[in-house]
Amino acid sequence: MHAVTKWLKEADPDVVCLQEIKAMTENFPFMEIEALGYNIEILGQKSYNGVAILSKRPFDEISKGLPGDETDEQARYIEAVIAGENGPFRVATIYLPNGNPAPGPKYDYKLDWMDRLKVHAKGLLKFEEPIVLAGDYNVIPEEKDVYAPKEWLTEALFLPQTRSKFREILNLGYTEAFEQMDGRAGQYTFWDYQRGAWQNNEGIRIDHLLLSPQAADKIVNFEIHKATRDGIKPSDHVPVVGIFDL
DNA sequence: ATGGTCGCGTAGCGA
């Protein structure tokens, strides 16, 4: 919470998508975050997963859970329509399954989840509105997005099937904000707690903003807030930020 | 090849 509130005050974002809340809804610190001016929507889960959307502007619609499997109990998806100054826009917070070890049931679940996301993301394009699908995708898109590609070849985050499924979603008509605005090699968003990964800059780029065409038209800047990886009790992920002229 | 670090919840799992 120290890291979160410090960043919220400094960056002052209009909308925030959080993943890995690791708490049931009733245990989320509503008061502290509402005090900073945010409306809050939570999909909580005990111990694992859990996602949230914070917004300074009001929510018009909310749907919780990724469609396509009524039996899926894991809290990994919230979608919101937010009332912008010049019309509505849509935001989803996504915590895509890690999938390790691969192969195995966890990797099967990851690929199934990505299939469901693809179907849903395709349907959303019909709205022809600004959409940002934001979150921890647990996908390293390309070799340039990992410090040592050869060491990651058998990891669920970098397997060819994972990367091609991610590409299939992009090829529906979504744009990665990072690729449109920057695209350089070695721009990481996650550094493991182990083995001095941060100190040695052994990172991976797995946190992404996927934009509908109408959102891609309106993006004016993209930032990776690396500084948050330092400091007291940091997350192993850092914020990725899109700035839009909506 | 191994062990290395976190949070949750109070052992061991998931990352």
Side-chain angles (χ1 to χ4, degrees), chain A residues 1-8 16-33 40 42-52 54 65-66 69 71-78 93-114 116-117 134-141 145-159 161-163 165-166 188-208 224-240:
Chain A
M1 274 307 289
H2 168 78
V4 169
T5 53
K6 182 172 186 287
W7 180 76
L8 288 176
V16 183
C17 295
L18 299 174
Q19 299 84 33
E20 280 197 280
I21 297 304
K22 294 188 174 181
M24 292 191 287
T25 299
E26 58 264 39
N27 294 327
F28 188 84
F30 284 92
M31 299 289 275
E32 227 173 317
I33 287 178
I40 302 172
I42 302 287
L43 183 60
Q45 183 178 335
K46 187 180 167 66
S47 305
Y48 305 114
N49 309 317
V51 286
L54 321 178
L66 181 65
D69 181 358
T71 68
D72 186 0
E73 310 247 323
Q74 299 192 27
R76 296 180 175 276
Y77 187 91
I78 306 174
T93 178
I94 290 176
Y95 180 40
L96 205 148
N98 176 296
N100 279 313
K106 290 192 176 172
Y107 192 57
D108 294 340
Y109 175 68
K110 177 176 193 155
L111 292 177
D112 286 346
W113 207 94
M114 293 181 84
R116 287 163 56 199
L117 179 61
D136 176 2
Y137 278 76
N138 274 311
V139 174
I140 301 166
D145 302 313
V146 49
Y147 68 97
K150 285 177 185 169
E151 292 179 26
W152 285 77
L153 287 175
T154 61
E155 289 279 321
L157 288 70
F158 195 53
L159 281 172
Q161 272 190 89
T162 305
R163 296 170 60 195
K165 191 65 70 182
F166 182 71
Y188 307 134
T189 67
F190 171 96
W191 294 260
D192 201 285
Y193 289 121
Q194 302 185 63
R195 288 166 290 183
W198 168 242
Q199 288 72 16
N200 299 320
N201 194 29
E202 295 178 347
I204 56 179
R205 194 175 69 84
I206 57 174
D207 300 280
H208 310 306
I224 300 174
H225 287 195
K226 272 180 74 169
T228 65
R229 190 61 180 76
D230 279 318
I232 302 155
K233 290 281 176 188
S235 170
D236 42 8
H237 296 254
V238 300
V240 298

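- Counting only residues at least two apart or on different chains, no salt bridge (Lys or Arg N to Asp or Glu O under 4.0 Å) pair has a member in residues 99-110 of chain A.
- The C1' atoms of B:dG7 and B:dA11 are separated by 14 Å, rounded to the nearest whole Å.
- Each of A:D136 and A:P234 has a nearest nucleotide on DNA chain B; the 5'-most of these lies closest to A:P234.
- For the pair A:H237 and A:K46, both in contact range of DNA chain B, the more 5′-proximal nearest nucleotide belongs to A:K46.
- For DNA chain B, the residues of residues 96-106 of chain A within the heavy-atom distance limit of 4.0 Å (strictly under) are A:N98, A:K106, sorted by number.
- Listed by chain and residue number, A:W198 satisfy the side-chain hydrogen bond (donor to acceptor under 3.5 Å, both in side chains) test with A:D230 (two or more places apart in sequence, or in another chain).
- A perpendicular orientation is assigned to the rings of A:W152 and A:Y147, their planes being inclined by more than 60° (bins at 30° and 60°).
- Using a 4.0 Å heavy-atom criterion, one finds that A:F190 contacts no nucleic acid atom at all.
- Remark: A:F28 engages A:F30 in a ring-ring contact (aromatic ring centres under 6.0 Å, His included) (not counting sequence neighbours).
- The shortest side-chain heavy-atom distance between A:D145 and A:I204 does not fall under the 4.5 Å cut-off.
- Residues of residues 193-201 of chain A that place a heavy atom closer than 4.0 Å to DNA chain B, in numerical order, are A:Y193, A:Q194, A:R195.
- Residues A:L157 and A:Y137 have side chains not in contact (no heavy-atom distance under 4.5 Å, counting atoms from C-beta outward).
- Taking the P atoms as reference points, B:dG14 lies 15 Å from B:dT10, given to the whole Å.
- Here the separation of B:dG4 from B:dA15, taken at their C1' atoms, is 14 Å to the nearest Å.
- Between A:R163 and A:F158 the shortest side-chain heavy-atom distance falls below 4.5 Å.
- Between B:dC8 and B:dG3, the two C1' atoms lie 22 Å apart (nearest whole Å).
- Inter-residue side-chain proximity for A:M1 and A:E32 is flagged as met; some heavy-atom pair is nearer than 4.5 Å.
- Running 5' to 3' along DNA chain B, contacts with non-hydrogen atoms of chain A at under 4.0 Å begin and end at B:dG3 to B:dA15.
- A:Y193 contributes a side-chain N or O that, together with a main-chain N or O of A:D236, makes up a donor-acceptor pair within less than 3.5 Å.
- Using a distance-only test at 3.5 Å, with no hydrogens or angles considered, a donor-acceptor pair links the side chain of A:T189 to the main chain of A:I206.
- Under a 3.5 Å cut-off, the side chain of A:T93 and the backbone N or O of A:L18 do form a donor-acceptor pair.
- When the P atom is used for both B:dT2 and B:dC6, the distance is 23 Å, rounded to whole Å.
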